[in-house]
Each structure stands twice: as structure tokens, then as C-alpha cells.
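Reading through the C-alpha cells given below for one structure.
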Amino acid sequence: MRKKFKLLCVILATSLMFLSACNNNGTETTNGSKSKNKSEVDISIVLKTLSSPYWKYVEAGAKDAGKKLGVHVTVVGPPSESEVMQQVNMIEDQLSQSPDGLAIAPIQADTVVSTLNGKDLPMLTIDTDSDFKGKLTYIGSDNHSAGKTAAELLIKKLNKGDKVAMINGALGNPAMDERAKGAKETFEKSGIEVVAEQPADSDKAKAMSVMENILQSHSDIKAVYAGNDDMAIGALRAIKAAGLDIMVVGTDGTEEAVKSIIEGGLYGTIAQKPFDMGYLAVENLLNAINGEEIEPRIDSGLDIVTSENAEEFLEFLKSME
Amino acid sequence: MSQVLEQKTVEETKVFKQSQLSLKKYLSKFGTLLALFLLFVFFSLSSEKFLTVDNLMNIVNQASINALLSLGMLLAILTAGIDLSVGSMLALSSMLMAVVTVNIGMHPILGIITSLGVGGLFGLVNGLLLTKLHLPHPFISTMGTQFIGRGLALIVTGAAPIAGLPLLIQFFGTAEIGPIPFSFLLVLVVYIFMHIFLSNTKTGRHIYAVGGNKEAARLSGINVDRVLITVYTISGLMAGLAGIIMSGRVNSAFPLAGLQYETDAIAAVIIGGASFFGGVGTVWGTAIGVMIIAVLRNGLNLLNMSADLQMAVIGAVIIGAVYVDVLRQRKRKKNKN
């Protein structure tokens, strides 16, 4: 038995070595062809996830830029926004394929630092910033001002002393925390009372049950701000089911949210420009690869979507597909 | 004369049966190793970056956390139990380690002791819940402590991550000796110790006995409660150690660390040939199970397969592995009959 096991190990090991020898040859030839075919620039983008519309728009923008600028773009991301370590692994796996540039949307700002620090290629952050050596720029809208803009949109329709509720992203998600902070500060400054504030992890179903619970004790609220559109739609469902009329504003500007605005569901959404973020990431990385200077902070801007401009915005979203 | 001949033929058929049996055993024992090898071949052929020193070191580095959690899980599964709280224990112990070293500013060695201590204590509680409160199955008790641990980890800092750990703790996750990650060597040492513990100590053998048949073990004078408490405490310790490596690697502790890691650990143990029915499983089998999952994840990443599809692939592998376990069980029953 032991002998057989040893024999098996030896066979497996030798065949592996043989294989790796073959592989080395393979690498050399492809490297050779790579230097001949220099037009093919490889850009890797690691997002927080690819499983929600928002990140699909970022991906679409990056791919569109790739097509227009003649760059090969790879976009990857873990299955959900809570998979911190899997994202770090994905970054390592992208780096080991030696891309020419890397854009990253860190789930948590600190966790990617030791992996990326001082890596020898053009790198930038999108959506969420992180501080590591060698980062060229941060492309994103300001999450704090997204929350603030949403609150201001609601305040126009509210009176002093009115009660509102907030549905936030997962606790400890810095981007979502900033939005919540921006909204809360703005509400409180205008004398609007935030009577409930609960996390629903950016999840539609969770937001629905969170909203149901809030309505149990606060059926007199006038408005709800949700940190993203999925949660806004979940909250709206709970409100409709309870037969109440409460204004809901979300964030992100997803297709579902915009359609809901057109149908008289959501009151509005604050759209970041995910498509632009993806596009700008590829464009700026390419500029950096070509040796151009790029600005240390690039604002991708915000759009306010209400029933006034929802149709227009929907057409824009559809044109991206 | 004829009697002697008959005896001989009987003996011959016995020998023949045995050799056939050992071939089957051989296949079921090394089938997973073969599967790992085939994965290596497949990924080497489909991605030129797979079989490079850098990438292989990436794989063992990425595997180290699951490797430790799986070891604790192996012990629990050997006793026909399960430990669903490993991920939460990892999060809680690493958060408290970060509080001790970063927020309070104590010596990193105290932080390391905190992490191991919290993990061990939490595991001890799992064991006590199971044996003293007589909760029906560790699935229930560790599911409860899974939520408790995650909740506490979130409460510690109001859900905020803690960054900027001391160098000594970072060393656990990032140090390299030559091209080899320190964490991998540490895991290797722990595996060797665990192998010796399981195969050469009385407690180790008792763990198998309890898993094989709890009542029989009790009747033969084994202190079943003490064995179970030891098992869950070790699992907690492993989670504490994994917490040190993980937060060292990313230089921060965060309360959602290790979310759903129990599934990867269970998968590794089962793919590694351990049986959910208890009493069957080895440390090296688990090591291969851990490597299969790590190689799958890494290889599929290199092929840029979407994360969603990866989940489906890994799910299929788990079902396949459990089905093999079921087949083995059937054979075992047949052989007994």
C-alpha cells in the first residue's frame, strides 16, 4: 500500500514537472508574440461584485471604452459585496496575469492595501477610494453628497418636524455609511426627524422586511431614503402592501428604479454615473500606460432622476445595453 | 488430500477477494489525489499563468485560511457533528485581537493570545452547549453561536473595520521565506501535529471511536463529553489562528470576515473523503480537499470565469463528492453483510 502510494506520488510529481516544462516553453512563445503585437493593451478591473445592475453598468462602461479605444478589458468581481477576502484573492489572481493596468473598486478600503502597495503598474480606484502606494487617481462621485442630494430632494416636499426613515447598506460598508451620513446630517439641519435608521445590506428582500418592521412602530413617516435602489424598491413594496403613501428616494439610478419612477412608484433616485466610471477608468489607465499625467481626483458626477426626467434617463440606460 | 486442496482454494479466493478489495480501497483513498492532479493538468493546459511559482504560492496562500478552518471542521465531522460557527469565531477573535493591539495599543503577542483565546473559549462554549445542555445536534448549537459570534463581532466596533495592525501580526499573513508564504509553512506544521494527534494519541483514537458509534464508545469507558468538548475547543483555536493569518494578510480586521466560510470548510472535509456519518476521515484527505477547492477557485479566476458560474461549479463538485461518500457507505454495508 505504502509502496503504491509512493509510486503514485512519484508519477504525479514527474508528470507535473514535465507539464511545467512544456508550459514554460508556451509562456516564452506567447510572450514573444505579445511583444510583436503591442497594440493589444490588457486592462484588468476588479469590482465589488458583478451581481447587481449598478456594477453591470460599470462593466458596460469599461467594455465600451475597451471597444472604442482598442484595449482588451477584463472585468471580474466576487458574487456579493460582502466577499472581502475573495476580492483580495481575485486581485492577486489578476496581478499574476501581469495586466498593463488595474482598476479596482475595493469592498473595504483597507483590505486591498497590502496586496496593491507599490505594485509596478498603473493602478486607480473607482467608486470607493483606498490609499495604497502607486495609486494614480480615484474616479467616483462623492457618496456623502449623494446622500445629501437625496435628502435635499425630499426636504423640498417636507415640512419642519416631519418624520422620515432611512434604510442603509451593510454596516461597515464605507460608501454606504457615507451616503447615510450625508442624508442624515442634511435632514437634521432642516429640522426633519429621522425616527428610524436600519441596515438592509443593499438587499431588496431584506429592505422589504426592514420597512415592514419600521412601519409597525412608525406608520406616520412622510419619506424614506434608501442607500441604493434595490432597497428603495423593497421598501416601496412594503409601503404599498401596508396601503400607505410615503415618498421613497433611492440611490444609483438602476433601470428598475427609473421605471418605478415613471409608473409613479419611487419619488426619485440619485444616480451616480456607473457607466462613466467604468469608461473613465479604462480611458485614464490607457492614458497612464501611454505615459500621460492624470489628475489625482476625477469626479464622475451625479444625476437627479425624478418623474420630470425619468423617461429621458431610461432611454439613456437602454442605450447602454 | 482433497480437504487440503479445498482449503487451499478457499484461501486463494480469500486472497483474491482481499486484493480486489484493496484495489477498491486504493481508488477511493487516492481518487481525490487523482482529481487534484487532473485539475492541475486541466488548468495548466488552459492557462499559461497557472503553473508558475508566483501563482502556486498564491494558491497555497489563499488556501491557508480554509485549511485551518477545515481542520477544526474535520474533527467535528469525525465525531458525526459539525461546526457552523467557524467563520463567526474567526471574525470575533480577529476583531478582538485588533481592538487589543490597535485601539488599546497593547503588545502584538497579547493580541495573538487574545485571538487564540477567544477562539478557544468560543469553541469550548460550543462543546459545553452540546454536552451539558444536551442540545440535540451541533448543527443547532453551532448555528446559534454562529449568529451570536457574528453579532458580537459587529457590536465590538459598531461594524467598523480596524486597520493598521502591528507588524508581527502582519507577518503571519504576508511574510515569505524564499518564495514560500510563512502562513503555508505554519499550516503545514499544524497539519503534521494534527495528523500525529489523531493517529498516535489516545484522545485522537477516541475521536474516531466516538464518531463511529457514540454508545459503544461510552460503554467501552470513553469519556464522550470530554472528547466532544476537546474537538470543539480545537476547532475554535483553529478559527482564532485563521483569524490572525487573515487579518495579517489584509492588514485589517473586519466584522464580516469569514462570512459563510463554514461551507468551504465542510466542502473541503467532505471532498477529502470524510464521512458525514462520522468516524471516517483523515488529515491528509482534508488537505487534498482544501487544495481542490483552492485550485478550482484560482484556476477559474485565471480563466476569468464569472464568480456566479464558479459558485455553481463548486456546488456541483461538492454534490459529486458527497455522492461518492454515499456510494462508499453502501459498499461498506454490503461488505459487512
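Hydrogens, waters and symmetry mates play no part in the numbers below; they use all other heavy atoms, side chains included. Numbers restart at 1 for each chain; the letters A, B, ... are given by sequence-line order, proteins then strands. Note that the structure is predicted; figures quoted are calculated from it, not measured.
For A/Asp120, the CG atom counts as loosely surrounded, since its 6.0 Å shell holds 12 or fewer non-hydrogen atoms of other residues, nucleotides or ligands. Residue A/Lys119 qualifies as enclosed at atom NZ: its count of foreign heavy atoms under 6.0 Å is above 12.
Closest of all the heavy-atom pairs between B/Ala307 and A/Pro78 is CB-C, 3.8 Å. The nearest pair of heavy atoms linking B/Leu256 to A/Ser82 is CD1-CB, 4.2 Å.
Only the side chain of A/Gln108 comes within less than 4.5 Å of a heavy atom in chain B; its backbone stays farther off. If you measure heavy-atom distances from B/Ile65 to chain A, the contacts under 4.5 Å come from the side chain alone. There is no contact between B/Pro255 and chain A, counting heavy-atom distances below 4.5 Å. B/Ser306 does not touch chain A: none of its heavy atoms, backbone or side chain, sits under 4.5 Å away. At a 4.5 Å heavy-atom cutoff, A/Val113 makes no contact with chain B through either its backbone or its side chain.
Atom CG of B/Asp54 is separated from atom OG of A/Ser96 by 7.5 Å, given to the nearest 0.5 angstrom. Rounded to the nearest 0.5 Å, atoms CG (A/Leu171) and CD1 (B/Ile155) are 10.5 Å apart. The distance from the CD atom of A/Gln97 to the CG atom of B/Leu303 is 8.5 Å, given to the nearest 0.5 Å. In this structure, OG1 on A/Thr111 lies 10.5 Å from CE on B/Met246, to the nearest 0.5 angstrom. A distance of 11.0 Å separates OG1 in B/Thr174 from CG in A/Asn117, rounded to the nearest 0.5 Å. The CE atom of A/Met85 lies 8.5 Å from the CD atom of B/Gln62; values are rounded to the nearest 0.5 Å.
Comparing A/Asp110, A/Leu95, A/Asp177, A/Asn173 by how many heavy-atom pairs each has under 4.5 Å with chain B, the most go to A/Asp110. Annotation: maximal heavy-atom pairing with chain B below 4.5 Å, among A/Val76, A/Thr49, A/Val84, occurs at A/Val84. Heavy-atom pairs under 4.5 Å with chain A were tallied for B/Asn298, B/Asn55, B/Asp308; the largest tally goes to B/Asn298.
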Quiz prompt | side chain to side chain donor-acceptor pair (under 3.5 Å) between A/Gln94 and B/Asn301, intermediate numbers included | solution = CA-CA 8 Å; A/Gln94 285 300 321; B/Asn301 273 350; over 6 Å; no

